[in-house]
Amino acid sequence: MHTTEAHPLALAVNAIEKQGYAIMDDYLSSSNMAALATIMKEKWFAGQMVSAKTGKAALKNQTIRGDFIAWLDENDSQPTVQAYFRQMELLRLMLNMQLLMNVQSLETHVVVYPVGSVYQKHLDQFNSGATPHLQQRQLSASLDLNPNWQAHHGSALRLHLAENTHIDILPKSGRIVLFLSAKFWHEVLPATHERLSLTGWFRTREQSIF
Ligand code: OGA
Ligand code: MN
């Protein structure tokens, strides 16, 4: 008898439709994840990453967010970076087909959270004319690059669901957390070990003619 098994990405998109967020493991193969982590660590060691600025006031304030970032180029020639962008493109198409999200572009940066750093509670989409760029963010995607992470290493992504409820999602290599950018306040809890991840946002078109 023929059985249909839903594609893992389709299950994630179903979860987003139902609850606004999804947690998916093994987003990329473990060999891809290991290679991706190595490439990103090289950026860090080569001093190619800069202290992150908070969006609203473009203010460098390490107590709000203590992470360091580098933007990823979609045309990067390294196969594992391409594997990431291919998987994200598949996800983009599914979001548009299943949820009619009409997301057109993706921006991604690699992030390092040094020991002791946090990213305080925030929204990824601001409803302010001063930051049109951030208004276009529709779906946030945090892909973790840390193998062998332990709960006591901290740096969980805390997703605030409703009044006084939240879930804490621990880093795990290959785990991606997807959530609606306009809807979910979230924060990164203090890290006791250095954490590395890729954060991406799907955006609607820059300008609308309508
Ligand atoms: C962000 C963010 C979370 C993470 O960059 O806006 O919330 O898991 N990052 O890195
Ligand atoms: Mn965020």
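On a predicted model such as this, the values are computed, not experimentally measured, just so you know. Just follow the structure's listing: the first ligand is 1, and inside any ligand the first atom is 1.
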I need the nearest protein heavy-atom contact for [atom]: residue, atom name and distance, please.
atom	answer
atom 7 (O) of ligand 1	His186 NE2, 2.9 Å
atom 8 (O) of ligand 1	Ser142 OG, 2.8 Å
atom 9 (N) of ligand 1	Tyr113 OH, 3.5 Å
atom 1 (C) of ligand 1	Tyr119 CE1, 3.4 Å

Shortest non-hydrogen contact between Leu189 and Val118, atoms and distance: C-CG1, 4.1 Å
Pull out every atom of ligand 1 sitting under 4.0 Å from any heavy atom of [X], numbered as shown with elements.
X	result
Asp124	6 (O)
Val188	3 (C), 4 (C)
Trp201	1 (C), 5 (O), 6 (O)
Ser197	10 (O)

Is there a side chain to side chain donor-acceptor pair (under 3.5 Å) between His186 and His122 once you walk through the steps? CA-CA 6 Å; His186 56 284; His122 67 281; 2.9 Å; yes
So is Glu187 in contact with ligand 1, going by heavy-atom distances below 4.0 Å? no
May I ask you to decide if the ring planes of Trp201 and Trp71 are parallel, tilted or perpendicular, using 30° and 60° as cut-offs? tilted
With the Mn ion (ligand 2) at the center, what angle do OD1 from Asp124 and NE2 from His122 span, rounded to 10 degrees? 90°
Name whichever N, O or S atom of His186 ends up nearest to the Mn ion (ligand 2). NE2
